[in-house]
Amino acid sequence: MKRTVPLIIVMVGGILMMIQYFIPHQASQAVFDYYTEWAPIVGAFALVLGVGSLTRVHFHRIRRRSKNWPYSLAVLIPLYAMPILGLMVPVSLWGGMESPSIFHFLFMHIQVPIQSTMFSLLAFYIASAAFRAFRAKSALATVLLGSATIVMLAQVPIGEIFGPGLQDVGLWILRFPNLAAKRAIQFGVGFGILATSLKIIFGVERNWLGGAGE
Amino acid sequence: MSYDLIGIWVAALFTLAIYSFLYKENPLYRLAEHLVVGISAGYSIAITYDIVVGPKLVDPLIAGTGWVLLIPGILGLLYITRFMPNVAWLSRYPMAFIMGTSMGVGFPLTMKAEVLRQLEAAMAPIYAAGMPWHIVLGNLVMIFGTLAALIYFFFSKPHKGIFFGTGSKVGIWVIMLGFGATFGFTVMGRISLLIGRIQFLLGDWLHLIK
Amino acid sequence: MSAVNFWGKMLNVDRRWIFLLIGVVSIVPFLIPVGMPLTTTTEVESIYDCIDSLGPENAIFLAFDFDPGTDAENMPMSVAVMRHAFFRHVPVFMTAYTPLGNGMMMSGFEYVTNQELPGCYTPVDYADWATYRDAGIVDRDGLVAAWEADGHSLPENSVGWVFEGRDYALLGYLPLFHLVILGMTSSIEAQYPEDSHGNPLVEMPMLREHKSLREVDLALTMAGSSACMSWIIYGREKIGLPIAFGVTAVMATDYFPFIQSHQIIGQMGGLRGAAEYEVLMERNGVSATTDKAFTGMDVQSAAHLLIILLIIMGNVAYFAGGFHKQHLMKSGR
Amino acid sequence: MRTSSTRYVPAALVLLLFPALSAAQAIEPVVARDSVENTTLPADTIASGTVEPQEEPAAVIDAPGAVTVTDSPNDAGDQLTLTFEPSTETETLFCHTVYRRIAGEGDESWLPVSIIPAGDPSELVDGLDPDYPIVPGVQYEYRIAVQTLDGLEVMGPVTPAQAVAEGEYYHTGKTRALIASSIFIFMIFYYFSRAQRGVQFYLRPIAGIEAIDEAIGRATEMGKPILYVPGLSSISDVATIASLTVLSRVAKKIAQYQTRLIVPNRDPIVYTVADECVKQGYLEAGRPDAYDPESVFFLTDSQFAYVAGVNGIMMREKPATNFYLGMFWAESLLLAETGSLSGAIQIAGTDAVTQLPFFITTCDYTLIGEELYAASAYLGHEPKQIGAVKGQDACKAIIMGFITLALVLTVVDLAAGTHTLDWLRQLMTMSVMD
């Protein structure tokens, strides 16, 4: 009941959908139509997992008054305020999801700038690592850095001053050797994904069952 | 002050709060970091209810037209049991449903789109009439490079001898050329993100640039 | 020994100085713009040509498959494509792969229709032109004529009208989006009974003309993650839907095999790809000026030069200082 | 298929351009120039000849001819394929309209299922339009009308469909995907079963794996701890699973050498599993008493705060060896940079292609992509995992075989002027659509 039934569901669901692909018949199509209708509904609830663990971690921090606990309020308050303001309060400056509203404001003027700025920090870190850590320690690392330099120059207008050929070389690297490497990796990754799918469908890989008690 | 103007000032404040981390970690940075976690999760809940759970589950149920939807509805609700230690195992049911079916659906399609199609494209002719030399060279590099890189990721034979030894050596060189391209593009991407923020700060906020 | 110390000190410089350096290099070119010319590549040109060959009888999908984190890269390309489609009067269906992408879709549309910016488009809400629709005026030219005959005139900055349901539809986010793509191959309306403003799709003229993905001429996915692959696996391979990618630079190199295998018609990679599109639009008179992506290219140039210099200096210091001999193990990769 | 479907676009447009007209047609197909002259004739008998021109002798145009209906192959019984003889008229012909009704129903049931502009091929797959679905097993009747540029509509004869839509039980267009999938599944299960029967497989040595022992030994000599970062992703990530397998082996080695281990975690579930792995490793080494519960811990769930925390550990504890195995995003760069400055030996491994270049340039050893999976099978000694690696290898060998064959054929073609490569490619080519 606890492990066997989920394993059966995975196996039946997986094999059914795999076979379904090859059968165009209306009965098979009906199975598929039910699936496309139901899966988003089930999938939508998966959000509960993330929200639940966030709530649990931060609620504990507040209750135990652990170090920096007030920041946990900064997680929990918007977490619950957003859906309440967006869905339950009538459309006004306070409620609703369209601009202007608190919901829209929190997303557009706090979430978006913070998240995009977070990622832009990496420009600084990459510069620092360029100086302090990227080493041509071996022939292979040298090839990597060389190819990177050519591509970096070829991608920006200033690359032109190093001669018109540089851009062509950069594009050539992208279109041929890069393509070869990525295609080979893709074959490997593709087979890896397929093998993992098989292992999960046939119950060889059961790690995903973990973390929910015995 | 208008809604948008306040918005730009608040956004600028938080942008600077994040950048202040470059100097030193500080409370303002930490506040911003936590806020973003809460807001993005809260936003996802609201949107998911508004778009899926409401119109596709709750509305038909209230209208009494979709009793069969109770099945996926209840299956979905079982996710909540994850937080009740005694019945946490029930949360495996919806997971099993989603994982099994999506892997089953994906299997033949992945085989077709990522393996067979790519194999078909890898079997390209090297030369066609009127092809310039660098394309022909490129085609040769592409075909031999793919083969060599595949040899590098081949684990069943030792990397010795002409075929496997040379092959894997050429393979790793081709892979490094490819990684060089990735490296260059990654640097480009990170700088672009910085450019986006500077355009916001100097343009939308301070109006120093157009 | 003192030489080693010098190199060692140099390598161990407080990295905040390097942060400052990159900050300065990224700001100065904005204040002194040069506008170096940019050459365009076939990967981007083929997308441009494809959209340029379409008209009001066609339709495209513009998928906002990215989160705010990659806004700076994906938004300029989305905006460029949207403007181009509006210019050619090609109906645009807009979707999102994630809930946050839904917000990006709204923000992209708001940017293109921001009446304070020159070259904007003026949106007409679905409800606002209901009377014309009821009167059966749904073709574009007739609609614009009737709308303007009733005393509506374009605002100062605007270059054209866009009618909701005729020229664009904001469909938004749905979960398990790969299944949504599959479902839309037989019917768009079955997946999206309403758009994100709550308008019924079934009445929209653009949906009446394009009921499923089979009747759509191109899907562009603006992606910051491997979400774009769903369009290939579930759209392209199912019904042969033509796909174009607009991806972040970090991912761009991975998708060259798909261009060669003709699974995608073209690809815009990062800010540079968006800048190329802007250049193409300006060159062909689609827009009066280039936009943010092209302006950013000066900074991109300067920053790339700086990073390359830093790599060279770092390696010189490393090898001159003899740090490469320090590791006792046999040298690795 | 694509071209035939896009042709509905202009067709539908026509419908919208003449909403009144098309509405009238839907209800009562008539043959008249304008609505005033509408004479509702017995629809089934209408042919072009019956129309009497009212004013100046207008072009009386030929009605379209016979309709041939066949069941579409490879569908769910919701499509019919139509071909018809188009009207011979070329000058004033505007379009053909295809009407359909269930056999035996009245004239009011005619549905204008498709409009085919003049000049387009006179064939159609009916049933793709979600507004006019075809029900499997139902007998339909068709008729084609022609419309002239000046709005005249002339009806063709009513034709009962010669076929009824039926769903098929096998999609003949998917045979290649079926063969490929079957070969793959067979290979994986073949090696599974061989591995389970105890066959020992050869796996080539991987440099990074061999360095693990050396790196642990070095840390022991120096009396410094070892840092192990199991990636930042969740437990469902294949890379995380691989990393945890490696971790239990590393923990076993460390237990033998009695070196200190530090494992900071970002994901709460990965943390619990990692803790179990380390405990298990110590147990297997026969030193459960040496296990320090403080060594595996949950740091924080926020990406950059996690990096800051790990970097702090690196600067304070100065570990002799850093392992970064698992799934990494942007933080790879920050971790590896700090590690290289602290002078540690670094061994990295991930399947995140975009992060690999940073690891390669900053770390001493890097497991590239699949090498990480193989490493976990290698170290984990689980027969099925090794079997899976072998099965995937066999499939890669097939791919290599095809590419080599194509290479040979292209050379043959160039030398002999034949087209053997085209032949091979056609053998592989699948229709773009299902």
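Below, chain A is the first sequence line, B the second, and so on; all start at residue 1. Since we're looking at a predicted model, the values are computed, not measured.
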Heavy-atom pairs under 4.5 Å with chain C, option from A:V151, A:V112, A:I41 with the top count
A:V112
From the list A:Q111, A:R183, A:E98, the residue making the most non-hydrogen contacts under 4.5 Å with chain C is A:R183
Out of C:T253, C:I308, C:I22, which one racks up the most heavy-atom pairs below 4.5 Å with chain A?
C:T253
Answer whether the closest heavy-atom distance between the side chains of A:M88 and A:P83 falls below 4.5 Å.
no
Greatest number of non-hydrogen atom pairs under 4.5 angstrom with chain C, of A:R132, A:Q167, A:E37, falls to A:R132
May I ask you to name which of C:S196, C:G103, C:A72 has the most heavy-atom pairs under 4.5 Å with chain A?
C:G103
Under 4.5 Å heavy-atom distance to chain A, tell me which part of C:L11 shows up: side chain, backbone, both or neither.
both
With heavy-atom distances below 4.5 Å as the criterion, would you say the side chains of C:Y255 and C:M229 are in contact?
yes
Checking C:D298 against chain A: side chain, backbone, both or neither under 4.5 Å from a heavy atom?
neither
Just so I know, are the side chains of C:Y318 and A:K137 near enough to count as touching, which here means a heavy-atom distance under 4.5 Å?
yes
Check the angle between the aromatic planes of C:F66 and C:F64 and answer parallel, tilted or perpendicular using the 30° and 60° thresholds.
tilted
In terms of heavy-atom proximity below 4.5 Å to chain C, should A:F162 be classed as side chain, backbone, both, or neither?
side chain
Please state whether the rings of C:Y97 and C:F177 are parallel, tilted or perpendicular, taking 30° and 60° as the class boundaries.
tilted
Please say whether more than 12 non-hydrogen atoms of neighbouring residues, nucleotides or ligands are located less than 6.0 Å from NE2 in C:H262.
no
Please identify, among C:D71, C:L21, C:D254, C:L38, the residue contributing the most non-hydrogen atom pairs under 4.5 Å to chain A.
C:D254
Winner by heavy-atom pair count (cut-off under 4.5 Å) against chain A, out of C:L176, C:L306, C:I311, C:I307
C:I311
Taking the inter-plane angle between the rings of C:H178 and C:Y234 on a 0 to 90° scale, is it parallel (under 30°), tilted (30 to 60°) or perpendicular (over 60°)?
tilted
Relative to chain C, which segment of A:F32 carries a heavy atom at a distance below 4.5 Å: side chain, backbone, both, or neither?
side chain
Side chain proximity check, A:M108 to C:M106, heavy atoms < 4.5 angstrom
no
side-chain hydrogen bond (donor to acceptor under 3.5 Å, both in side chains) between A:D33 and A:Q29: does it pass, once the steps are laid out?
CA-CA 6 Å; A:D33 289 345; A:Q29 189 60 39; 3.3 Å; yes
If you tally heavy-atom pairs under 4.5 Å against chain C, which of A:T149, A:V156, A:L47 wins?
A:V156
How close do A:L145 and A:F134 get, heavy atom to heavy atom, and via which atoms?
CD1-O, 4.1 Å
Could you walk me through whether C:Q260 and A:R175 pass the side-chain hydrogen bond (donor to acceptor under 3.5 Å, both in side chains) test, one step at a time?
CA-CA 8 Å; C:Q260 191 254 348; A:R175 286 175 188 162; over 6 Å; no
Show your working on side-chain hydrogen bond (donor to acceptor under 3.5 Å, both in side chains) between C:D67 and C:T98 and close with a plain yes or no.
CA-CA 7 Å; C:D67 283 358; C:T98 61; 2.7 Å; yes
In terms of heavy-atom proximity below 4.5 Å to chain A, should C:F319 be classed as side chain, backbone, both, or neither?
side chain
With a 4.5 Å heavy-atom cut-off, do A:F124 and C:I18 have their side chains touching?
no
Select all residues of residues 187-195 of chain C having any heavy atom within less than 4.5 Å of some heavy atom of chain A, and report them by number, or 'none'.
none
Apply the test side-chain hydrogen bond (donor to acceptor under 3.5 Å, both in side chains) to residues C:T40 and C:E45: give CA-CA distance (whole Å), side-chain angles for both, the deciding distance (0.1 Å), then the verdict.
CA-CA 7 Å; C:T40 53; C:E45 284 162 6; 2.6 Å; yes
Distance (rounded to the nearest 0.5 Å) between A:L76 CG and A:L54 CG
8.0 Å
By a 4.5 Å heavy-atom criterion (distance strictly below it), what part of C:L310 contacts chain A: side chain, backbone, both, or neither?
both
Given a strict heavy-atom distance threshold of 4.5 Å, which part of A:F119 is in contact with chain C: side chain, backbone, both, or neither?
side chain
Heavy-atom pair count under 4.5 Å with chain C, highest-scoring of A:T36, A:I185, A:L171, A:N178:
A:N178
If I measure from the heavy atoms of chain C, does A:A154 come under 4.5 Å with its side chain, its backbone, both, or neither?
backbone
Ranked by heavy-atom pairs below 4.5 Å to chain A, first place among C:L309, C:L100, C:V13, C:I312 goes to C:L100
